[in-house]
Amino acid sequence: KITWKDQDNNIVDYDFVMELGGKDDNHGIPISFFETFWRRGSRHSKDKARDDSGKLIPMRQTYPTARFLGILSAGDFTKPAQELVKSRSIDLFYIPKKLIISAWGKNGLEIDYPDNLPEQDKKIIVSKISSISVKEKLFKKIAKDLINNLGDSVINNYKSRLKNSISAPPISYELTPIFVGKPIEFSRFEETTKFLSKISKNLENKSKDFDKKVIYKVIYGDGSIFIRENLSVEMATKIHENVGNVQNHFEKLI
């Protein structure tokens with residue numbers, strides 16, 4: 001499972017994560033988190049929407065670099081459930097059930113059936129697919145047909161939403177040392193780094209009882225805002241460095 005920790009150290013698993021610099025044995029810098037699902041029927045759609053969006057939201061609150069939270073839903077997913085996802089500022093890529101059934105049907109496979117179909121008849125549907133010898137080639141063909149059913153404009157629009165979100169640059173940084181209580185705003189990454197270093201040096205000789213926490217805030221070009229409170233200077237510095245690494249990555253690409 002692809003597991004990540006939120007700011008309260010809760011471990012949550014996700015279907016798909018885009019990260020910068022990740023390897024098989026360690027996490028990289030998270031860029032986006034995704035949940036995916038297929039629903040044959042529309043029952044409990046809102047529960048599913050609530051559960052999956054509830055899994056995603058903590059990542060936005062934990063990582064300033066988690067610029068995109070997305071749900072890819074396939075099948076029957078009701079309008080109220082879709083609206084719930086969108087109301088939580090989570091991107092929804094929705095594939096209607098009829099398009100999926102059509103793509104399978106074009107390749108000679110029936111995957112839909114009435115709810116009251118006897119179990120033995122359901123097994124016949126499953127066994128027909130299970131008995132196919134070269135599944136990978138067939139599934140790629142079904143996927144291609146499904147993409148054609150959706151249309152290039154739908155796919156390209158989704159890609160654009162993703163690209164625009166994850167590449168939006170930071171335009172403002174703000175640090176609030178708790179012991180001062182006054183926010184200090186910066187427009188440049190380097191200025192923020194220097195100030196964090198200055199705070200760290202100033203706190204070296206302070207007593208253990210002295211409140212050494214800071215509030216870190218960054219505003220992005222797409223209007224989104226990230227705020228983390230009660231951070232140690234070390235943690236704030238690490239988070240800020242990750243923001244800079246992602247920014248540098250996309251600046252080089254551009």
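Because the structure is predicted, anything quoted here is derived from the model rather than measured.
- Side chains of Ile147 and Ile155 form a contact here, defined as non-hydrogen atoms less than 4.5 Å apart.
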Point to revise | Derivation of the side-chain contact (heavy atoms from CB on, under 4.5 Å) call for Met18 and Leu162 | key: CA-CA 11 Å; Met18 293 177 68; Leu162 177 57; 4.1 Å; yes
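- For Phe37 and Phe77, the gap between ring centers is short of 6.0 Å.
- Judged purely by atom type and a 3.5 angstrom limit, Ser200 has no side-chain atom pairing as donor or acceptor with the backbone of Leu196.
- A distance-only check finds no donor-acceptor pair linking the side chain of Asn157 to the backbone of Ser153 [under 3.5 Å].
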Practice item. Would you check, one step at a time, whether the test side-chain contact (heavy atoms from CB on, under 4.5 Å) holds for Leu231 with Ile215? Key: CA-CA 6 Å; Leu231 288 172; Ile215 300 172; over 6 Å; no
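- Taking a cutoff of 4.0 Å between a charged side-chain nitrogen and a carboxylate oxygen, Lys106 and Asp145 qualify as a salt bridge.
- If you take CD1 on Ile29 and CD on Glu19, they are separated by 9.5 Å, rounding to the nearest 0.5 Å.
- The 12-atom threshold is not exceeded at NZ of Lys98, counting heavy atoms of other residues, nucleotides or ligands nearer than 6.0 Å.
- The local environment of CD1 in Ile11 is sparse, with at most 12 non-hydrogen atoms from other residues, nucleotides or ligands closer than 6.0 Å.
- Every pair passing ring pair (Phe, Tyr, Trp, His ring centres under 6.0 Å) that includes a residue from residues 43-64 is listed here, sequence neighbours excluded: Trp4-Tyr63.
- Contact check on Lys55 versus Asp15 returns no salt bridge, with no Lys/Arg side-chain nitrogen under 4.0 Å from an Asp/Glu carboxylate oxygen.
- A donor-acceptor contact closer than 3.5 angstrom links the side chains of Asp6 and Asn10.
- A 4.5 Å side-chain heavy-atom check between Val17 and Ile2 finds at least one atom pair inside the cut-off.
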Review point. Given the rule in the salt bridge (charged side-chain N to carboxylate O under 4.0 Å, His left out) test, do Asp112 and Lys97 qualify, once you have shown the distances and angles that lead to the verdict?
Key: CA-CA 9 Å; Asp112 195 25; Lys97 180 180 177 180; 3.4 Å; yes
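- Ile166 and Ile254 fall into different hydrophobic clusters, where Ile, Leu, Val, Met, Phe, Trp and Tyr side chains are chained together by heavy-atom contacts under 4.5 Å.
- Atoms OG1 and NZ, from Thr78 and Lys48 in turn, are 13.5 Å apart once rounded to the nearest 0.5 Å.
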Check your understanding: Run the salt bridge (charged side-chain N to carboxylate O under 4.0 Å, His left out) check on Lys140 and Glu136 step by step: do they pass?
Key -> CA-CA 6 Å; Lys140 284 183 178 179; Glu136 185 178 354; 3.5 Å; yes
Review point. Could you go step by step and tell me if Lys238 and Glu241 meet the salt bridge (charged side-chain N to carboxylate O under 4.0 Å, His left out) rule?
Key: CA-CA 5 Å; Lys238 182 179 179 181; Glu241 287 175 351; over 6 Å; no
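- Of the inter-residue distances, the one linking Glu35 atom CD with Leu69 atom CG reads 10.5 Å to the nearest 0.5 angstrom.
- The two residues Arg67 and Ser165 make their nearest non-hydrogen contact at O-OG, 2.6 Å.
- Between Val243 and Pro170, some side-chain heavy-atom pair lies under the 4.5 Å cut-off.
- Note on Lys194 versus Glu190: no salt bridge recorded, every NZ/NE/NH1/NH2 to OD/OE distance being 4.0 Å or above.
- No continuous path of ILVMFWY side-chain contacts below 4.5 Å connects Phe33 to Tyr220, so the two sit in separate hydrophobic clusters.
- Put simply, the side chain of Ser197 never gets that close to the backbone of Thr193: no donor and acceptor are under 3.5 Å apart.
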Point to revise | Chi angles and distances behind the side-chain contact (heavy atoms from CB on, under 4.5 Å) call for Glu229, Thr176 | key: CA-CA 9 Å; Glu229 299 182 353; Thr176 307; over 6 Å; no
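- Heavy-atom contacts from other residues, nucleotides or ligands closer than 6.0 Å to NZ of Lys122 number more than 12.
- With a 6.0 Å radius and a threshold of 12 heavy atoms from other residues, nucleotides or ligands, Asp24 has its CG atom at or below the threshold.
- Side-chain atoms of Asp121 never come within 3.5 Å of backbone atoms of Leu117 as a donor-acceptor pair (strictly under, hydrogens ignored).
- The list of ring pair (Phe, Tyr, Trp, His ring centres under 6.0 Å) pairs with a residue in residues 108-129, not counting sequence neighbours, is empty.
- The aromatic ring centres of Tyr173 and Phe195 sit 6.0 Å or more apart.
- The cluster map of Ile, Leu, Val, Met, Phe, Trp and Tyr, joined by side-chain heavy atoms under 4.5 Å apart, puts Ile100 and Tyr94 in different clusters.
- By the criterion of side-chain heavy atoms lying less than 4.5 angstrom apart, applied directly or through intervening Ile, Leu, Val, Met, Phe, Trp or Tyr residues, Leu138 is grouped together with Leu99 in one hydrophobic cluster.
- By the 4.5 Å heavy-atom criterion applied to side chains, Phe34 and Phe93 are not counted as neighbours.
- Nearest approach of Asn245 to Leu20, heavy atoms of both residues: O-CD2, 3.9 Å.
- No side-chain heavy atom of Val218 sits less than 4.5 Å from a side-chain heavy atom of His240.
- Residue Ile90 is grouped with residue Leu92 when hydrophobic side chains (ILVMFWY) are merged at heavy-atom distances under 4.5 angstrom, including chains of intermediate members.
- Taken from CZ in Arg88 to CD in Glu83, the straight-line distance is 13.5 Å, to the nearest 0.5 Å.
- For the pair Val214 and Ile178, the tightest heavy-atom approach, listed with the atom from each and the gap, is N-CG1, 4.0 Å.
- Taking 4.5 Å as the limit, every side-chain heavy atom of Phe68 sits out of range of all side-chain heavy atoms of Ile31.
- Closest approach of Lys46 to Leu84, counting heavy atoms only: O-CD2, 3.8 Å.
- Taking both residues in full, the closest heavy atoms of Trp104 and Ile129 are given as CZ3-CD1, 3.9 Å, listed atom of the first, atom of the second, then distance.
- In the displayed structure, Gln120 atom CD is contacted under 6.0 Å by at most 12 heavy atoms of other residues, nucleotides or ligands.
- Few gaps surround NZ on Lys135; more than 12 heavy atoms of other groups in view lie less than 6.0 Å from it.
- A distance-only check finds no donor-acceptor pair linking the side chain of Ser172 to the backbone of Ser187 [under 3.5 Å].
- Note that the NZ atom of Lys1 and the OG1 atom of Thr3 stand 9.5 Å from one another [nearest 0.5 Å].
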Point to revise | Check against side-chain contact (heavy atoms from CB on, under 4.5 Å), Ile227 and Ile225 | key: CA-CA 7 Å; Ile227 301 176; Ile225 300 173; 3.9 Å; yes
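- Counting non-hydrogen atoms of neighbouring residues, nucleotides and ligands closer than 6.0 angstrom, the NZ atom of Lys86 exceeds 12 such neighbours.
- Looking at heavy atoms from C-beta onward, Asp76 lies out of side-chain contact with Arg43 at the 4.5 angstrom threshold.
- Side chains of Phe226 and Arg60 form no contact here, defined as non-hydrogen atoms less than 4.5 Å apart.
- When atom types are taken as modelled, the side chain of Asn107 and the backbone of Leu109 share no donor-acceptor pair closer than 3.5 angstrom.
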**Study point:** Steps toward salt bridge (charged side-chain N to carboxylate O under 4.0 Å, His left out) verdict (Asp47, Arg50)
**Key:** CA-CA 5 Å; Asp47 290 339; Arg50 191 177 294 108; 3.1 Å; yes
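- For Asn26, the CG atom sits in a packed shell: over 12 heavy atoms of surrounding residues, nucleotides or ligands are nearer than 6.0 Å.
- Across every non-hydrogen atom of Asp91 and Arg161, the tightest pair is OD2-NE, 2.5 Å.
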